[in-house]
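From a predicted model like this one, the values you see are computed outputs, not experimental measurements. Counting starts at 1 for both ligands and their atoms, following the listed order.
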Amino acid sequence: MVTIRVHDKEFKEYLPAVLIQQRVTELAQQINTDYANKQPLFLAILNGSFMFAADLYRQIKLDAEISFIKIASYQGMRSSGQVMSAVGMDQDLHGREVIIVEDIVDTGKTLHHFLPSLHQLEPASIRIATFLHKPEATTFPVLIDYVGFSIPNQFVVGYGLDYDGLGRNFGALYQLA
Ligand code: IMP
């Protein structure tokens, strides 16, 4: 069995690189069909989604743009609710078909708090494509349109995902051993 060490922890291979590539191809084909004759804008959420976004976007046959943003959280001045806002958003989203690209939807907290601010920019539509989803961990309601793999509630690294800054560079996905 293939194992890797990241910081102090052992991880074992969970999804081989070829399987990931096959699934990304399927997702790209699905998006190519769903958005035929449209010009979607991919909004990739940094840092984790960079590898998935690159592989997915490479196989998009549409007149599609891609933009990379970071999501920063801050405490609203008046409300007690948490607000997530985009850093690096230099695109006009008005009337655009937006496809958010995420590495993983875990609790769903990030997207759940970020989506309202995106809706305020009045895009024509918003869909979510995520490489991974942990359904057992998701407690904030988020509607996901494209899921690479649904995985159990265990910590994973590789294919863009990190453990304390390391492990993003692996082409396969690894699970805590
Ligand atoms: P959320 O809980 O859905 O808001 O996910 C927030 C972020 O936590 C994701 O975008 C990932 O960057 C990170 N994350 C969640 N689960 C994992 C994991 O298993 N490995 C690495 N990063 C993770």
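In the hydrophobic cluster analysis, where Ile, Leu, Val, Met, Phe, Trp and Tyr join through side-chain heavy atoms closer than 4.5 angstrom, Leu161 is grouped apart from Tyr174.
Residue contacts with ligand 1, taken as heavy atom pairs separated by less than 4.0 Å, involve Leu161 solely via side-chain atoms from C-beta onward. Here Asp103 has side-chain heavy atoms under 4.0 Å from ligand 1, and that is the only part of it that gets that close.
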Legend entry - CA sep, side-chain torsions, deciding dist, call: Phe11, Leu173, side-chain contact (heavy atoms from CB on, under 4.5 Å): CA-CA 9 Å; Phe11 291 83; Leu173 190 75; over 6 Å; no

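Between Val105 and Lys134 there is no side-chain heavy-atom pair separated by less than 4.5 Å.
Shown here, atom 8 (O) of ligand 1 is out of close reach of the protein: none of its heavy atoms lies under 4.0 Å off.
Of all protein heavy atoms, the one lying nearest to atom 20 (N) of ligand 1 is Val156 O, 2.6 Å. Taking atom 17 (C) of ligand 1 as the reference point, the nearest protein heavy-atom neighbour is Lys134 NZ, 3.8 Å. Remark: minimum distance from atom 13 (C) of ligand 1 to any protein heavy atom is reached at Ile104 CG2, 4.1 Å.
Every atom of ligand 1 is numbered from 1 in the order shown, and the set under 4.0 Å from a heavy atom of Glu102 is 10 (O). In the vicinity of Lys109, heavy-atom distances shorter than 4.0 Å reach the ligand 1 atoms 3 (O), 4 (O).
Here Asp63 does not pair with Lys38 in a salt bridge; the nearest charged N to carboxylate O distance is not below 4.0 Å. Between Arg96 and Glu65 there is a salt bridge, since a side-chain N of the basic residue sits under 4.0 Å from a carboxylate O of the acidic one.
Judged by distance alone, the side chains of Glu102 and Ser49 never bring a donor and an acceptor atom under 3.5 Å apart.
Put simply, no part of Thr138 is less than 4.0 Å from ligand 1, judged by heavy atoms.
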